Amino acid sequence: MKTSNQEIAELLRSAAAALTIKKGNLFQIRAYETAADGIEHLTSETKDYWQENKLDQIPGVGESIRNYLDEYFRTGKVKHFQNLEAGIPPVVFELLDIPGVGPKTALELAKLGVKSRVNLSKQLNSGELVKKGFSVKLASKITSGLKEADNRTNRMLLPLAASQSRVISDYLKKGPGVVACDPLGSLRRQVATIGDLDFAVASKTPEKVVDYFLKMPGVNRVVSQGEAKVTVMLHTGLHVDLLVGDPDSYGALLQHFTGSKHHNIKLRSYAQEKGYSLSEYGVKKIIGKEVKSKNKEKTISCKTEDQLYKLLGMQTPAPEIREDRGEIEAALRYKLPDLIKLEDIKGDFHLHSNFPLEPSHGPGINPIEEIVGNALALGYDYVGISDHSPSFTKHTFNEIKVLVITRNNYIEQIKSTSKIRVLNGLEVDILTNGDISVPDKTLKTLDYAIAGVHSSHRMAKEEMTKRILKALSNPYVDILAHPTGRLLNERESYNADWEEVFKYCAKNNKLLEIDAYPNRLDLRDDLVKMAKGLGCKFIIDTDAHEISQMEVMPFGIAVARRGWVEARDVVNTWDYKKLAKWFNLKS
DNA sequence: GCCGTTTTCGGCCCGACTGTTTTCAGTCG
C-alpha cells in the first residue's frame, strides 16, 4: 500500500479531479484539495496520525475525509473514491501533472484515445490528435507542457536562486519607467528550495516593462503574456513570472505575490469577514453582498505592505512566516514573534579545519588559525572548532584519545593567543546502537560535542528514535547535529519520533542544530517551529569545510525565522558569559 | 466537505491569461 504523504495527497487530488469531471460541488472539490495540501505539509507521516487516532488534527481533514483515510489504511482502498473514479479512464490521473492539463483536458485527451503519457507524446508529434479534432493551439500548448514536465529539474537551492534572481532584477531595474523591482514568491519567503522565480515591478508604463522583459537575454519562450503579467521560460528551463503594478498600489502587489497561497487565502477570508475584498490592487470595501465598485479607482491602494496589513488591523508578518501557520492570528493580536536576525549571531560552532584527525572524513581545508581569523573578521565574539572525530573502525579507543589530546593541546595554544574566545569541540558519530564513536573520558576533555547520525539512515522509526535518544543521554553530548539527516534533492529525512526527541532535548538542555549549509537546512523549518513550541533551544551553525562557507549563515537564519525563532532561543546569540554557563565551561 | 474570540449553518480568495467564447470554461498562481 502506498502510504507516503505525497501518495496520500495524490489519492485525494485524484478524487478531487474525478469530482471535477463529474461536476461535483465546487467546494467539496476544494475541500479535498485543501486536505491534500494539509497532508503534504505535515511534519510526520499521515499513517502515524492514523495510528494515534489523530487524523482530524490534520488541517483540512474533517469527519468525512478522516473516515476515508481510515478505510484506506485498513483496507488499502476507499470505496467512495473508487466510485467517484468509476468510468473515468485511469490515464486521466496520469496526465494531470502536465502543465496546462487539468481534469477536463485530460478527460478529453483520454476520450480521443490517449493511452498514456508516452502515447500522448506520440499522438501529438504525429498530428494524430489534431486530425481527430483536438484544438491545434491546445495541442501545441500541451506539447511544450510535456517537454517541461520531462525536463523538470530539481528545485533550486537558495544560493543559486538568489544569484539567478539578482541577475534578473539587475536587468529589470534598468528597464524603462521602472520605479522599483523586487524578487518575491518562495524566494522572498526563503523556502529551502525554489521552483521558479517571481518578480514585481512598480511602474506607470507596464507595457514598456513587459516589452523590455521579453527582450531579456536568456529568454527561450513566452509561456503567457498579458498587459501587466508575463511568464517566460529561460533556456535553462527556469520559469520566471513578472507582475507589473502601479507604484501607488505596490504594497498590495508585494503582498499578493509574496504569498504563500495559503497565507493569502486566509488573509482574504479574514478581510472578507471585516467587509473588505483584497487583491493585488489593494483593498475594496464591500457593501452588502456586492463589492462596492469594480473600478480600480475606487480601490484603496496601498503603497506599502504595512499599510495593507494595518488597514486590516494587524501587524505585518515577516515574509518568512507567511505560510498560514498561525501568523495571521498572531498578527491580529499584535503578538508576532521578534524574529532572530543575522546581526544577532555572535559565533559559529560547527566548523571543520584541516587538522589531521581523520582525513577520510573529508576534513576542512583551512588551518584552525585561519578559521579563527575569519570569525574575527565576521565580527564574532567566539568560535568553536568541531572537526570530525577519528574513525572508530580504524582506530582503537586509545588511539582516538591520543589523537584528540594532541588536537586539544594545539587548540589550547590558539586559545591563549586569540583575540576572540575559541572553543574546542568535536563532531562525533551516533552509532547504530546509540553509542557515541568517542569514549566518554575523551569527550570529557572537550568544551562541547556535536553528535550526528552519519550512517544507517534507513532505520525504522522506533529504532531511530531510540538510537538518537540514547546518544543524547550521553552527558557529554551537547548538540544534535543536522537532526533529520536530509540532503536537499538527494536524501530524505530519516524517520524518528521528533516530538519525543524534542521533548527530551527541552527537558535535558540538549541543543538542536540548525545547519545553515544550503543543501542541508536541517533542522527543517516546520520541525523548528514544533521544537520551539516544545521549549527547545537551538544553535545555528554553518558546518563550513572552508572559511568562505562560513558565509552561509544567512540561510540558517532564514530557517530559524521560518520556524518563528527569536534570538533568545538561539545560544550563539548569547553573550559569552551566558553561553559558557550553558556549556558548563570553566571561564 | 470543512469550519467558527460574532456562527454548528451558510458561507467558502481573487484575478489573469488562453482559447474560441459572443459571455465563458479551464488552468494557473
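Below, chains carry the letters A, B, ... as their sequence lines are ordered, and counting in each starts from 1. Worth saying up front: this structure is predicted, and the values here are computed from it rather than measured.
OP1 or OP2 of B/dG15 sits under 4.0 Å from a side-chain N or O of A/Lys284. Residue A/Gln272 places at least one side-chain N or O under 4.0 Å from the OP1 or OP2 atom of B/dC14. Of the side-chain N and O atoms in A/Tyr68, none sit less than 4.0 angstrom from OP1 or OP2 of B/dC2. Between B/dC28 and A/Thr231, no contact under 4.0 Å exists linking OP1 or OP2 to a side-chain N or O. Between B/dG1 and A/Thr34, no contact under 4.0 Å exists linking OP1 or OP2 to a side-chain N or O. Between A/Ser224 and B/dC28 there is no side-chain N or O to OP1 or OP2 distance below 4.0 Å.
Contact annotation for A/Ala228: backbone-only contact, meaning every heavy-atom pair under 4.0 Å involves sugar-phosphate atoms and none involves a base. Among the atoms of the strands shown, only primed sugar atoms or phosphate atoms (P, OP1, OP2) are found under 4.0 Å from some heavy atom of A/Ile65. Heavy atoms of A/Ser135 sit under 4.0 angstrom from primed sugar atoms or phosphate atoms, though from no base atom. Across all strands, A/Tyr270 comes closer than 4.0 Å to no nucleic acid atom at all (heavy-atom distances). Residue A/Leu278 is classed as a sugar-phosphate contact, given heavy-atom separations below 4.0 Å to backbone atoms only. Residue A/Lys104 is in sugar-phosphate contact alone, with no base atom involved, counting any heavy-atom pair closer than 4.0 Å across all strands shown.
Separating the CD atom of A/Glu227 from the P atom of B/dA16 is a distance of 9 Å, rounded to the nearest angstrom. Distance CD (A/Glu273) to P (B/dT6): 8 Å, rounded to an integer number of Å. Note: NE2 (A/His262) to C1' (B/dC2) measures 14 Å, nearest angstrom. Between the CZ atom of A/Phe257 and the P atom of B/dA16 there is a distance of 13 Å, rounded to whole Å. Per the geometry, NZ belonging to A/Lys229 stands 11 Å off C1' belonging to B/dT27, to the nearest Å. Between A/Arg268 atom CZ and B/dC12 atom C1' there is a gap of 14 Å when expressed in whole angstrom units. What separates CG of A/Asp97 from C1' of B/dC28 is a distance of 15 Å, to the nearest Å. In this structure, CD1 of A/Ile142 is placed 11 Å from C1' of B/dG26, rounded to the nearest angstrom.
With both ends at atom P, the span from B/dT27 to B/dT20 equals 13 Å, rounded to whole Å. Taking atom C1' on both B/dC9 and B/dG19, the two are 39 Å apart, rounded to the nearest angstrom. Taking the C1' atom of each, B/dG29 and B/dT23 are spaced 24 Å apart, rounded to whole Å. Straight-line distance between the P atoms of B/dT18 and B/dC13: roughly 25 Å, to the nearest whole Å. B/dG26 and B/dT21 have their P atoms separated by 13 Å, with the value rounded to a whole Å. Between the C1' atoms of B/dG11 and B/dT6, the separation comes to 14 Å (whole Å). A distance of about 25 Å separates the P atoms of B/dG15 and B/dT22, rounded to the whole Å.
Of the candidate nucleotides B/dG29, B/dC12, B/dG1, B/dG29 has the atom nearest to the side chain of A/Asp241. Of the candidates B/dC14, B/dG1, B/dG19, B/dC14 carries the atom nearest the A/Ser277 side chain, counting heavy atoms from C-beta on. Counting only heavy atoms from C-beta on, A/Pro103 has its side chain closest to B/dT27 among B/dA16, B/dT27, B/dG1. Picking from B/dT20, B/dG1, B/dC13 the nucleotide with the shortest atom distance to the side chain of A/Ser269 gives B/dC13.
Relative ring orientation between A/Tyr68 and A/His80 is described as parallel, the plane-to-plane angle staying below 30° on a 0-90° scale split at 30° and 60°.
The residue among A/Gly226 and A/Val136 whose nearest nucleotide of DNA chain B is located toward the 5' end is A/Gly226. Nearest-nucleotide assignment on DNA chain B puts the 5′-proximal partner with A/Arg66, out of A/Arg66 and A/His239.
Shown here are the ring-ring contact (aromatic ring centres under 6.0 Å, His included) partners of A/Phe27, two or more places apart in sequence or in another chain: there are none.
The side-chain contact (heavy atoms from CB on, under 4.5 Å) test with A/Tyr250 is passed by exactly one of A/Asp182, A/Val201, A/Val179: A/Asp182.
Remark: side-chain polar atoms of A/Asp569 are paired, donor with acceptor, to backbone N or O of A/Glu566 under 3.5 angstrom. Formation of a donor-acceptor pair under 3.5 Å by the A/Arg486 side chain with backbone atoms of A/Asp522 is not found in this model.
Both tests hold for A/Lys529 against A/Trp564: distance to the six-membered ring centre under 6.0 Å, angle to the ring axis within 45°.
Remark: B/dC17 base-pairs with B/dG26. Criterion, Watson-Crick or G-U wobble with two distances under 3.5 Å.
Checked against the 6.0 Å centroid threshold, A/Tyr171 and A/Tyr212 count as a close aromatic pair.
Residue A/Ala149 comes nearest to A/Pro99 through the heavy atom pair CB-CD, 4.1 Å, listed as atom of the first residue, atom of the second, then distance.
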